[in-house]
Protein chains: 2
Amino acid sequence: MVTIYDVARHAGVSAATVSRVLNGHTQVDPALAERVTSSVAELGYRRNAVARNLRRSRTTLWAVIISDVENPFFTAMVRGVEDIALTAGYSVVLCNSDENPEKESNYIAAALTEQMAGVIISPSSNRVDDVKLLLDAGCPVVVIDRELQGPRTDTVLVDNEHGAELATTHLVEQGYRRIACIGGPRWLSTATSRYEGYRRALSTAGLPLDPALVRYADFRERGGFEAMASLLDDGAEPDALFAANNLMTVGALECLVQRERTIPSDIAVVGFDSIPWADLIRPTLTTVAQPAYEVGRQAGQLLTRRLAKPDADVTRIVLPTELQVRASSIRQA
Amino acid sequence: MVTIYDVARHAGVSAATVSRVLNGHTQVDPALAERVTSSVAELGYRRNAVARNLRRSRTTLWAVIISDVENPFFTAMVRGVEDIALTAGYSVVLCNSDENPEKESNYIAAALTEQMAGVIISPSSNRVDDVKLLLDAGCPVVVIDRELQGPRTDTVLVDNEHGAELATTHLVEQGYRRIACIGGPRWLSTATSRYEGYRRALSTAGLPLDPALVRYADFRERGGFEAMASLLDDGAEPDALFAANNLMTVGALECLVQRERTIPSDIAVVGFDSIPWADLIRPTLTTVAQPAYEVGRQAGQLLTRRLAKPDADVTRIVLPTELQVRASSIRQA
DNA sequence: TTGTAGGCGTTATCAC
DNA sequence: GTGATAACGCCTACAA
């Protein structure tokens, strides 16, 4: 490996001068600088970021800990983070916790030992301890998609309750009366908020909240499938479904297809969070759209801000959701 | 920050002993070890990976440079890599090059300066130089999904040509005669192999290769859309389409839907590489399935192997593809 | 403006 | 088996 000393010798200057040329915040004689840069090129020198990070005791890495890489919502979000990170001079390390609190803990530990500059996380549990670990270590944290109870951290959310309410109200307005709900894990604020929106819409409409029409699943495809199957098998006879995330919606649809139910005449469907190619599915799928990319951007900006001003006020951003009505929820004549 | 010296003082031993306990490859008196571990717990010590990496002059990070995080093929692949990495004691840094050679170069430079233990890459160009940079620096590289001309590296591919041939032959057997092809960028082996499979199937069937039926796009949704529009607008009048990747297939479908063409009676469709929820699309989509997760696993294993034996023979793995026939390619009565 | 020198936190090589 | 001690490669006071 060629070090800064090799360059220094080759250019006939001291290592300090090489460092200064490389970093550029100090004045260096143009002639020397020139010699240095050409030596760098000639020797094919690249600076060792590990040594640099140790010396400066900070890195330029952000850990983005998400709960599912295969969920398009999170990948879109990651792109948002990435775009901000790059312009701010950081790189993104993507960690996939798989909704598994243990994996999550491991990644947080890694973020700490690797001296990551900051962490953006969609927590897969309410285990506040892990996030507190980061905070206590002085590692800036931005929580996304889910709200954490205890620690005060910068947070980027979407308006889950309102979105769910819109979705459910839309079904009510279409004349559906037995509206089922496949909710997410009860310990995630995302899930409870969406359930709350559903509940409120029913209440506003004067419809009963029938527990037989409610299932809780795990925000995954299989969970949605099984919840739907259970709704059908238990004779709850819903005439419509509100599913609380994209993958569960897909699972529920798979189930309905397999059972040969026609959408929306047998049962109408609205999903929370869009899926790619929603308009290729037949019937096209009504969804509550979330600004996934923008969530990522905002999170990135919050992190950048906090890195610059470690004790700025804690910010909580709530982005709007939007109901996109397509065929799956339109009552037939 | 609490260092190894703090722990040493607290436990009444030397820093060297703490290090030995932490790393565990040397014998340490159980009594001392006990004191060290409890001091570690008490002080909340975590080792500084940056310092450690500098001292050991290696890291436990793999860079996985993929060309599109939003393509389900790559996310599935990443999961495969990740699973191997974790069991082998490495972490994965996901880098999204966006099919942009410049971004790719930056990530490669970063992998080098960050002293990454290894790189898994789906190159977005034929610019061999970047990969050579890695190789020259002694950084193990596994190339996936695309074949690189010059440098001999471990590679994991799928049987693109055969898959494409199967797909096209299937269309021929269904009685289609004007089979269009939307191919990928001509500088990617993946694209040329798939085109070659298409060409060969036509040739075997004694069908002419009509240039008016061929378009080259960029492996993205919009590119597929535009290529399909061009095929329709230029009066090429295809009765079937073979699209060379998943996102372009989606784009082409969007176009066909918009133009109100019926699949498969107006035009049959087969795509290369599956998309999630292919069976929710109507008609269901015939695809050439690739073992994306397995590609990732194999790449991870190749990298692990090379890390252990730096000058083992270069391996080239070709995984099989499989035609999954669904409704979009079945000729109507 | 430039060079010297110390140290970031760890691990590995010595002696003991 | 354990403890000093010297690196790993870089940055940055400080002195010149």
Side-chain angles (χ1 to χ4, degrees), chain A residues 1-37 39-40 43-61 89 109-110 112-117 137-139, chain B residues 1-37 39-40 43-61 89 109-110 112-117 137-139:
Chain A
M1 149 160 268
V2 26
T3 78
I4 209 171
Y5 280 93
D6 299 319
V7 177
R9 196 173 318 120
H10 189 271
V13 297
S14 75
T17 300
V18 177
S19 175
R20 285 193 269 259
V21 171
L22 257 33
N23 292 302
H25 22 248
T26 327
Q27 284 296 345
V28 175
D29 183 282
L32 288 195
E34 168 53 30
R35 260 153 62 201
V36 168
T37 42
S39 291
V40 164
L43 299 177
Y45 166 81
R46 358 184 117 259
R47 99 169 122 212
N48 181 330
V50 176
R52 178 173 213 242
N53 292 338
L54 175 59
R55 176 59 235 243
R56 306 178 27 158
S57 50
R58 59 199 152 103
T59 67
T60 61
L61 252 36
L112 243 22
T113 64
E114 300 281 351
Q115 316 287 109
M116 301 271 186
C139 178
Chain B
M1 150 161 270
V2 28
T3 79
I4 209 170
Y5 277 94
D6 300 318
V7 176
R9 197 173 318 119
H10 189 271
V13 297
S14 76
T17 300
V18 177
S19 177
R20 284 194 270 259
V21 172
L22 258 31
N23 292 301
H25 21 248
T26 328
Q27 283 297 344
V28 175
D29 184 284
L32 289 194
E34 169 54 30
R35 259 153 63 199
V36 168
T37 41
S39 291
V40 164
L43 300 178
Y45 166 81
R46 358 185 117 260
R47 98 169 123 216
N48 182 329
V50 177
R52 178 172 211 238
N53 292 338
L54 174 60
R55 177 59 236 240
R56 307 178 37 167
S57 51
R58 60 198 149 102
T59 67
T60 61
L61 253 36
L112 242 24
T113 63
E114 300 280 351
Q115 316 286 108
M116 300 272 187
C139 177

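Residue numbers begin at 1 in each chain, while the letters A, B, ... track the order of the sequences.
- Using modelled atom types, no side-chain atom of A:Thr17 and backbone atom of A:Val13 make a donor-acceptor pair closer than 3.5 Å.
- Residues B:Thr3 and B:Arg47 fail the side-chain proximity criterion, which asks for heavy atoms closer than 4.5 Å.
- Taking 4.0 angstrom as the limit, B:Asn48 places none of its side-chain polar atoms (N or O) nearer than this to OP1 or OP2 of C:dC8.
- Annotation: the span from A:Tyr45 atom OH to A:Asp6 atom CG amounts to 9.5 Å, rounded to 0.5 Å.
- Rounded to an integer number of Å, the gap from CZ of B:Arg58 to C1' of D:dC8 is 13 Å.
- Taken over five-pair windows at either terminus, the axes of the helix from C:dT1-D:dA16 to C:dC16-D:dG1 are inclined to one another by 40° (rounded to 10 degrees).
- One atom, CG of B:Asn53, and another, C1' of C:dT11, lie 12 Å apart when rounded to the nearest Å.
- Of the side-chain N and O atoms in A:Asn23, one or more sit less than 4.0 angstrom from OP1 or OP2 of D:dC11.
- Within the model, atoms CZ of A:Arg46 and CG of A:Asn48 stand 12.0 Å from one another, a figure rounded to the nearest 0.5 Å.
- Scanning residues 6-21 of chain B for heavy-atom distances under 4.0 Å to DNA chain D yields B:Val13, B:Ser14, B:Ala16, B:Thr17, B:Arg20.
- The distance from the CD atom of B:Gln27 to the CZ atom of B:Arg20 is 11.5 Å, given to the nearest 0.5 Å.
- Taking every side-chain heavy atom of B:Arg52 into account, C:dT11 is the closest of C:dT11, C:dT2, D:dG9.
- Rounded to whole Å, the distance from CG on A:Leu54 to P on C:dT10 is 9 Å.
- With no hydrogens or angles considered, a side-chain donor-acceptor pair links B:Ser19 and B:Asn23 at under 3.5 Å.
- Between B:Val18 and B:Tyr5, every side-chain heavy-atom pair lies at or beyond the 4.5 Å cut-off.
- Per the geometry, CD belonging to A:Gln27 stands 15 Å off P belonging to C:dG3, to the nearest Å.
- Comparing B:Val50 and B:His25, the nucleotide of DNA chain C nearest to each residue sits closer to the 5' end for B:Val50.
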Trace of the side chain to side chain contact (heavy atoms under 4.5 Å, CB included) decision for A:Val36 with A:Val40 | CA-CA 6 Å; A:Val36 168; A:Val40 164; 4.2 Å; yes
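- Here CD of B:Gln115 is found 9.5 Å from SG of B:Cys139. Values are rounded to the nearest 0.5 Å.
- The side chain of B:Tyr5 places no N or O atom within less than 4.0 Å of a non-bridging phosphate oxygen (OP1 or OP2) of D:dA4.
- The interatomic distance linking A:Arg56 (CZ) with C:dG7 (C1') rounds to 16 Å, in whole Å.
- Contact between the side-chain N/O atoms of A:Arg47 and the OP1/OP2 oxygens of D:dC11 is found at a separation under 4.0 Å.
- Rounding to the nearest 0.5 Å gives a distance of 10.0 Å between CG of B:Asn53 and CG of A:Leu54.
- Using a 4.0 Å heavy-atom distance criterion, A:Val28 is classed as a sugar-phosphate-only contact.
- Rounded to a whole Å, the CZ atom of B:Arg55 is 11 Å from the C1' atom of D:dT5.
- Among D:dG1, D:dA7, D:dC11, the nucleotide with an atom closest to any side-chain atom of A:Ile4 is D:dC11.
- C:dT1 atom P lies 11 Å from atom CG of A:Leu32, rounded to whole Å.
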